[in-house]
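Here's the structure, in structure tokens; my notes come after.
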Amino acid sequence: MFKMSINIILFSLLILFMFPGISYAYLDPGSGSLIFQMIVAGAAGIAFAVKVFWYRIKQFFGLFRGGSDE
């Protein structure tokens, strides 16, 4: 019963966002390039964070193997 209620709510939200009302907004090229820049910067930040944490994870499990990476 609870799962069915969640499905109905999600379906209602999907329909609500698929058919928005009239919008008098304007998205100029400068805004588009800013959004693109934020997406690229976010991807670069995530890649750097994964690189840093991957090294730490490898280092952590290297202690349990008893060997060294030298």
Side-chain angles (χ1 to χ4, degrees):
M1 182 70 178
F2 180 72
K3 187 176 181 179
M4 191 167 117
S5 299
I6 295 290
N7 287 339
I8 291 171
I9 290 170
L10 289 176
F11 182 73
S12 300
L13 287 173
L14 177 68
I15 295 298
L16 178 70
F17 287 118
M18 281 180 62
F19 302 108
I22 296 173
S23 177
Y24 299 104
Y26 173 70
L27 187 65
D28 64 340
S31 299
S33 67
L34 178 66
I35 292 169
F36 178 72
Q37 217 174 1
M38 290 189 322
I39 291 171
V40 169
I46 289 171
F48 180 73
V50 167
K51 179 184 174 186
V52 168
F53 288 121
W54 185 252
Y55 177 74
R56 290 181 183 176
I57 290 170
K58 281 178 52 178
Q59 205 174 28
F60 177 74
F61 286 118
L63 295 174
F64 286 117
R65 280 188 292 166
S68 63
D69 291 338
E70 297 175 17

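Being a predicted model, the structure only gives us computed values, none of them experimental. No hydrogens, no waters, no symmetry mates; every other heavy atom, side chains included, goes into these values. Heads up: numbering here begins at 1 and tracks the sequence.
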Connected hydrophobic set around W54, excluding itself, where side chains approach under 4.5 Å: none
For V40, give me all partners under side-chain contact (heavy atoms from CB on, under 4.5 Å), at least two apart in sequence or on another chain. F36
Apart from V50 itself, its cluster of hydrophobic side chains linked below 4.5 Å comprises I46
Transitive ILVMFWY cluster of F53, excluding itself - 4.5 Å side-chain cut-off: none
Tell me which pairs pass side-chain hydrogen bond (donor to acceptor under 3.5 Å, both in side chains) where either residue lies in residues 27-42, with sequence neighbours left out. D28-S31
Donor-acceptor pairs under 3.5 angstrom involving side-chain atoms of residues 7-18: please list them, not counting sequence neighbours.
from	atom 1	to	atom 2	distance (Å)
N7	ND2	K3	O	3.4
S12	OG	I8	O	2.9

